[in-house]
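Atom set for the values below is all heavy atoms of this structure, side chains included, hydrogens, waters and symmetry mates excluded.
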There are 2 protein chains.
Amino acid sequence: MFEFEPDRPRWQQVADVIRERIQSGTYPPKHLVSELSLVQEFGIARDTARKAVRALREEGLLYTVPHMGSFVSPPSEAQPAAE
Amino acid sequence: MFEFEPDRPRWQQVADVIRERIQSGTYPPKHLVSELSLVQEFGIARDTARKAVRALREEGLLYTVPHMGSFVSPPSEAQPAAE
DNA sequence: CTTTATTTGTCCGTATGTATG
DNA sequence: ACATACATACGGACAAATAAA
């Protein structure tokens, strides 16, 4: 089971973990990150899972298709110079 | 493809379209309105199509014959006085 | 009679949206 | 943060009835 630190919102800590998995490629583009999967893995309420997903969506790391799921966004064209 | 508005159930919007076709005579009495036809035309799930049909049936605009289909109801005897 | 196609009936599962306590 | 409930929506599968070939 995941160990939460006190004094920091759980949804932030969950978002941190997922963010890392996205940025490291553990979760490739289009990978489904459902609320239920977060509920089960982290032992949290769906309410909390939704907050984590919302945060990542607002960061652009996830996009949500209503009634279908939330998925890892395609890589953004960052760093223009590097060729 | 049909354009759905957000903030309103799809099954309601589909029902609206069919209702208009019935009331305008585009779909005459006994015209078949099958779930599959709605699925294909509107690009929705059958689940959603069934909800639209159910709504129109409850309004009396359609009647369903099990395993045969849902058909446009005969015109209702409105306006009593007119003879 | 058999086969094929069509259509509704029913059930399961997954997932988000929304609201309440 | 949690728990619960319901609505909305999609996908798939199978059964049963009907009609037509």
Side-chain angles (χ1 to χ4, degrees), chain A residues 1-19 21-22 26-74, chain B residues 1-19 21-22 26-74:
Chain A
M1 188 65 107
F2 190 79
E3 285 295 317
F4 288 102
E5 310 162 16
D7 306 329
R8 273 185 73 236
R10 291 190 169 192
W11 64 263
Q12 274 188 13
Q13 298 180 54
V14 171
D16 288 346
V17 174
I18 303 305
R19 187 183 306 105
R21 291 179 186 171
I22 294 173
T26 301
Y27 283 175
K30 298 185 179 178
H31 178 89
L32 171 64
V33 180
S34 74
E35 296 168 2
L36 182 58
S37 69
L38 298 181
V39 166
Q40 293 173 332
E41 173 175 359
F42 294 93
I44 56 179
R46 193 184 155 209
D47 187 80
T48 307
R50 282 175 70 77
K51 286 186 174 69
V53 169
R54 185 183 59 187
L56 293 168
R57 183 171 54 241
E58 289 173 350
E59 291 174 27
L61 293 178
L62 293 180
Y63 62 95
T64 297
V65 180
H67 307 110
M68 287 297 291
S70 293
F71 309 87
V72 175
S73 303
Chain B
M1 187 66 110
F2 188 79
E3 284 294 317
F4 289 101
E5 311 162 16
D7 305 327
R8 276 186 72 236
R10 290 190 169 193
W11 64 263
Q12 274 188 14
Q13 298 181 53
V14 171
D16 288 346
V17 173
I18 304 305
R19 186 183 306 105
R21 291 179 185 170
I22 293 172
T26 301
Y27 283 174
K30 298 185 180 179
H31 177 90
L32 171 64
V33 180
S34 75
E35 297 168 1
L36 183 58
S37 68
L38 298 182
V39 167
Q40 294 174 332
E41 172 174 0
F42 294 92
I44 57 180
R46 194 184 154 210
D47 184 82
T48 307
R50 281 177 70 78
K51 285 185 174 64
V53 169
R54 184 184 60 185
L56 294 168
R57 184 171 53 240
E58 289 173 350
E59 292 175 27
L61 293 177
L62 293 180
Y63 61 94
T64 298
V65 181
H67 305 110
M68 282 295 292
S70 295
F71 308 87
V72 175
S73 303

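Checked against side chain to side chain donor-acceptor pair (under 3.5 Å), B:Ser34 has the following partners two or more places apart in sequence or in another chain: B:Ser37. Applying the side chain to side chain contact (heavy atoms under 4.5 Å, CB included) test to A:Pro66 and every residue at least two apart in sequence or in another chain returns nothing. B:Gln40 meets the side chain to side chain contact (heavy atoms under 4.5 Å, CB included) test with B:Leu36; sequence neighbours excluded. For B:His67, there are no side chain to side chain contact (heavy atoms under 4.5 Å, CB included) partners at least two apart in sequence or on another chain. Residues satisfying the side chain to side chain contact (heavy atoms under 4.5 Å, CB included) criterion with A:Glu3, sequence neighbours excluded, are absent altogether. Listed by chain and residue number, B:Phe2 satisfy the ring-ring contact (aromatic ring centres under 6.0 Å, His included) test with B:Phe4 (two or more places apart in sequence, or in another chain).
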Seminar exercise, completed: A correct 5'-to-3' footprint of nucleotides 8-21 of chain D, with B, S and - meaning base, sugar-phosphate only and no protein heavy atom under 4.0 Å, is BBB--B--BBSS--

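Across the strands present, D:dA1 finds no partner; the criterion is a Watson-Crick or G-U wobble pair with both atom distances under 3.5 angstrom.
Judged as a side-chain hydrogen bond (donor to acceptor under 3.5 Å, both in side chains), the pairs with a partner in residues 49-63 of chain A (not counting sequence neighbours) are, in order, A:Arg19-A:Glu59, A:Glu35-A:Arg50, A:Asp47-A:Lys51, A:Arg57-A:Thr64.
Ion pairing of A:Asp16 with A:Arg8 is present here, as a side-chain N (NZ or NE/NH1/NH2) and a carboxylate O approach within less than 4.0 Å.
If you measure from atom CZ of A:Phe42 to atom P of D:dC2, you get 12 Å, rounded to the nearest angstrom.
Here the range on DNA chain C touched by chain B, meaning any atom under 4.0 Å from one of its heavy atoms, is C:dT7 to C:dT10.
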